[in-house]
Every structure is written in structure tokens, then in C-alpha cells.
Protein chains: 2
Amino acid sequence: MATPRLRNKKLSEPTISRLPVYQRIAEGWRNRGLQHIDSEQIGGLAGVTATTVRRDLAGLGSLGTRGAGYDVQVLIERIAEALGHDIGYDVVVVGMGNLGHALVNSSNFLTRGARLVGIYDSSPEMIGTYVAGQQVKSMNEPMIGATVGVITTPGSAAQDVADKFVKAGIHAILNFAPQVITVPLGCAVHYVDFSIELQILMYHLNNGTGPLGGGLLHSLGIASVTMPRSS
Amino acid sequence: MATPRLRNKKLSEPTISRLPVYQRIAEGWRNRGLQHIDSEQIGGLAGVTATTVRRDLAGLGSLGTRGAGYDVQVLIERIAEALGHDIGYDVVVVGMGNLGHALVNSSNFLTRGARLVGIYDSSPEMIGTYVAGQQVKSMNEPMIGATVGVITTPGSAAQDVADKFVKAGIHAILNFAPQVITVPLGCAVHYVDFSIELQILMYHLNNGTGPLGGGLLHSLGIASVTMPRSS
DNA sequence: GGATGTGAAGTAGTTCACAGCC
DNA sequence: GGCTGTGAACTACTTCACATCC
């Protein structure tokens with residue numbers, strides 16, 4: 001009760017997208033044995049101004065020290081708290097192709113509150129084998145208790161998988177398949193698309209604007225969809 | 001000369017990140033044999049309002065038809081033109097682990113102007129083998145003529161790869177390794193991080209805000225960095 | 001001295017509302 | 001009738017500038 005839930009204070013969308021970046025930077029600092037970091041250093045690495053960093057972090061409460069900057073350990077913890085990592089989530093991944101393997105084996109994908117509780121594939125050769133310490137299940141097996149579903153199948157299978165997720169009560173979907181999927185209202189689909197990243201980078205390359213040309217700064221691009229059934 | 005370069009008109013950052021999404025939606029429509037789409041339909045699928053869609057597209061010139069919506073073919077072409085796909089880019093990918101395989105085999109990563117001109121790995125077992133029709137090269141071989149470099153190595157190798165890119169004259173880097181890298185000023189690093197996507201999705205899940213709760217809308221998250229050498 | 005945290009000002013992006021056109 | 005394209009109003013985010021505190 002000492003610390004009222006920071007979660008109540010709603011953070012702006014841009015801030016939310018930057019906090020994980022700051023967290024990663026702080027982790028890098030800590031791993032190199034450094035204890036303090038200031039807003040200018042974070043901004044330089046994240047590609048935003050020092051003022052923006054301070055404003056973002058001020059939203060989490062007073063966690064800096066005037067004259068000295070931020071303690072990296074405190075920073076990491078408070079960001080984790082604000083993003084809800086202390087709650088924990090159960091994640092299932094469907095599609096054990098190269099991308100699925102890459103994800104579940106990644107040291108970073110499943111940290112920070114996420115727990116892998118099931119991996120699935122439709123291919124008979126794949127089912128029953130072990131990946132990242134877990135046995136690959138058939139799509140017919142239930143997906144009990146998961147909160148987040150990740151789709152790493154080819155585009156053609158994405159809608160079927162999404163339907164299974166919805167039936168299993170999963171409200172949040174991370175879709176890596178290059179395919180727009182439809183889900184009932186109230187279900188969030190977050191859409192990750194590599195080619196879109198590449199396209200945005202290329203636009204800036206063409207125009208000399210944005211991240212190029214000495215400017216620092218940002219980027220992004222990815223769509224999220226919630227919509228009624230049909231089309 | 002009939003059509004002056006659309007590229008001159010600078011588009012806003014949010015618009016740039018949404019255009020590839022609209023393009024993908026239009027492609028999906030076309031693939032299902034549909035010829036027209038209106039701003040409301042695009043918005044529903046992309047997770048933005050119809051007005052935002054119209055404003056974004058108006059920036060590319062008058063490509064809609066009042067009363068009828070947009071012709072999907074025209075839409076696809078004009079967005080491609082605006083993003084510079086008619087120019088074409090040479091891409092090299094370093095790191096032929098699961099993620100590297102997933103990328104170069106993806107039907108979507110290397111379309112729309114991108115050409116794969118080289119794939120590299122440091123592992124002796126990997127070098128010389130063929131992936132996606134290309135022979136994997138040693139890191140010692142030159143990277144002539146590439147404009148964009150993609151890093152899909154473990155984090156520990158990312159900085160070395162970035163250094164090689166810089167020496168080879170590559171100005172734009174797409175970094176999938178969970179590692180902040182430093183490059184000379186004038187070089188753009190676009191940072192793609194799966195765990196960050198997951199974190200943002202989880203934040204919304206916790207708070208019931210954003211993409212959840214019947215609202216449509218968006219997302220994103222990924223950092224891009226340009227900064228001087230050192231740390 | 002030095003860096004945070006924040007009112008105030010400025011800028012950018014979104015949404016409203018409707019005129020214009022098919 | 002229906003949907004685009006856009007001035008005008010609004011909202012949100014960023015940046016400035018500085019008081020505040022270590």
C-alpha cells in the first residue's frame with residue numbers, strides 16, 4: 001500500500017512505446033557495471049530528446065536524483081512495474097517454423113513477465129518434438145489458461161489459429177503472419193510485419209529525412225486491429 | 001514530368017508508418033478479387049478512423065473517387081511510388097540462424113523494392129550452404145553495393161556486424177539483435193525488438209485501454225538510433 | 001555545479017463537419 | 001445517395017526555459 005499502483009496513472013501511447021526502449025538501455029548500462037545514467041544519455045541512445053525522456057520518466061513518479069541522474073536499477077524496476085511485468089502472463093506460440101523457433105529460443109522474447117506455457121504446430125513431423133525444452137503440441141490440444149497468443153504460421157493459417165485463440169479465451173494476439181485477421185470485438189490483435197519496418201527505413205533513406213541525416217530519433221510502424229466479424 | 005515526384009512532398013511520420021499498412025490491406029482486397037475499398041473499410045482493418053485514412057491518402061494526391069472510394073490497384077501503386085519502391089534497394093542479411101532463415105524465406109520481407117544481394121554467417125558449417133537460393137558467405141567477403149544491412153545475429157555479434165556494414169558504406173541498418181549498437185553520425189539504425197512488441201501489448205492488456213476494450217487503433221514500438229561513436 | 005521535474009508555449013496530429021464531386 | 005477531400009477546431013505531444021533540489 002505504500003506505493004499506490006502506478007498503473008492507474010495512464011501513460012500516453014508514445015510514452016508506452018518508449019519505456020521498453022529505456023528499460024533495455026538501462027539494462028545494457030547495468031550489464032556494463034554502470035550505476036547511473038542521465039536523461040541526455042538515454043535520449044542519445046533511444047533517439048529522442050533529453051526532455052522527452054524526463055517527461056516520460058516523470059510519469060512514473062520521482063525516480064531520478066537531481067544533479068546525479070537516474071539509478072539504472074531503480075529505472076529498470078519502475079519501468080517493469082509500470083508496464084505490469086510483476087503480474088506475469090502466459091503465452092502460447094503457434095507455428096514452429098524458423099520464426100517460431102527464433103522467438104521461443106530468443107533470450108529476450110520471453111523475459112519480463114512472460115511465461116511460455118505451450119507451443120503448437122500442425123505438421124505431424126513437428127508434433128511431439130522438443131523445442132526450447134517444451135514438447136510441441138497438436139493444434140487439437142487445448143490452450144488452457146493462456147492470456148497471449150502468438151501466431152508465427154504462414155499467412156494462410158493465421159485466421160484458423162486466431163479462431164482457436166478466441167475459442168480458448170485469449171484476448172491478446174501478436175500476429176507475425178503477413179495476413180490481416182478478423183476477431184470479435186474486445187480482442188486485441190497486434191500486428192508485427194518485418195517488411196513494413198524495412199519499407200519505413202527505405203522511405204527515410206530516399207528522402208534523407210527522419211532518422212538519417214544526423215537527426216536521431218525514432219520510428220515504428222505496425223498495425224493493431226480490433227473489429228467485428230465479417231469483412 | 002506529368003506526375004511530379006510525390007516524394008518531394010514530405011509526409012508526416014505517423015502517416016509514413018500507416019501507409020504500408022494500407023497497402024497491405026489493399027493487396028488483401030485485390031487478392032480476393034475486390035476492386036474498390038472505402039476509407040471506412042481501410043480504417044476498420046488498420047485500426048484508425050476513416051478521416052485519418054482520407055487525410056493520409058490525400059497527401060499522395062487525389063486518388064479516390066467521390067462516392068465510390070478507392071481503386072485498390074491505384075492505391076497499391078501510388079503508395080508504392082510514395083514510399084519509393086520503384087527505386088529498389090540492395091539488402092544484405094547477416095546471421096543465418098532461425099530468424100535469418102525466417103526473414104529471407106518470407107514471402108513478404110523482400111518484396112516491394114528490396115533485393116537480396118547477399119547473406120552472411122560466421123559459422124563454418126553454415127558458410128557455403130544455400131539458403132533461399134543464395135550461398136551463405138563468410139564475414140570476410142566484401143559487401144559491395146548494398147544499401148541496407150540487416151542484423152539477425154545474437155546480440156554479442158551485433159556491434160561487429162554493424163562495424164562491417166559501416167566500412168562497406170551501408171547507411172541503413174535494420175537490427176533484430178537485442179543490443180544497442182553504436183554507429184557514426186549519418187547512419188540510421190532501425191531497431192526491431194520482439195519483446196518490446198509483447199510488452200506494449202501486455203500494458204494494454206493490463207489497463208484495458210488502447211487496442212483492447214472495443215476501441216480499434218494502432219500501436220508500434222521500436223527504436224531507431226543515430227549517434228556518435230563512444231558510449 | 002549539475003541534472004531533474006514541470007508550468008507555459010509551441011508544434012504536430014487528429015477529428016469534426018461539410019462543401020464538392022461522382 | 002454516397003464518399004472523398006479539406007478548412008477549422010480540437011487534442012495531444014514535444015520543446016523551451018527555469019525553479020527546485022541533491
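Protein chains get the first letters and strands the later ones, always in sequence-line order, with residue 1 at the start of each.
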Mind checking side chain to side chain donor-acceptor pair (under 3.5 Å) for [X] and listing every partner two or more places apart, or none if nothing turns up?
X     : result
B:T51 : none
B:T65 : none
B:T52 : B:T49

- Task: Please work out if A:T51 contacts a base, only the sugar-phosphate, or nothing of the nucleic acid, heavy-atom cut-off 4.0 Å.
- Result: base

- Taking ring pair (Phe, Tyr, Trp, His ring centres under 6.0 Å) as the test, write out the residues that go with B:F176, two or more places apart. A:F194

- chain B vs DNA chain D, heavy-atom contacts under 4.0 Å, first-to-last nucleotide span, 5' to 3', is D:dG2 to D:dA8

- Message: I'd like to check the side chain to side chain contact (heavy atoms under 4.5 Å, CB included) partners of B:S195; sequence neighbours left out, ordered by chain and number.
- Response: A:R24, A:N108, A:R112, B:D193, B:Q199

- Message: According to side chain to side chain contact (heavy atoms under 4.5 Å, CB included), who are the partners of B:A158, at least two apart in sequence or on a separate chain?
- Response: B:I151, B:T153, B:N175, B:A177, B:Q179, B:I181

- Segment of DNA chain C, first to last nucleotide, that comes within the 4.0 Å heavy-atom reach of chain A: C:dG2 to C:dA8

- Task: Kindly calculate the angle separating the two end axes of the helix from C:dG1-D:dC22 to C:dC22-D:dG1, each obtained from five base pairs, and round it to 10 degrees.
- Result: 20°

- Item | Qualifying residues under salt bridge (Lys or Arg N to Asp or Glu O under 4.0 Å), relative to A:R115, sequence neighbours excluded | A:D90

- Task: Provide the full list of salt bridge (charged side-chain N to carboxylate O under 4.0 Å, His left out) pairs with a residue in residues 64-77 of chain B, sequence neighbours left out, each pair given once.
- Result: none

- Message: For residues 52-63 of chain A, which residue pairs pass the salt bridge (charged side-chain N to carboxylate O under 4.0 Å, His left out) check, not counting sequence neighbours?
- Response: A:R18-A:D56

- Task: Determine whether more than 12 heavy atoms belonging to other residues, nucleotides or ligands lie under 6.0 Å from atom CD of A:Q73.
- Result: yes

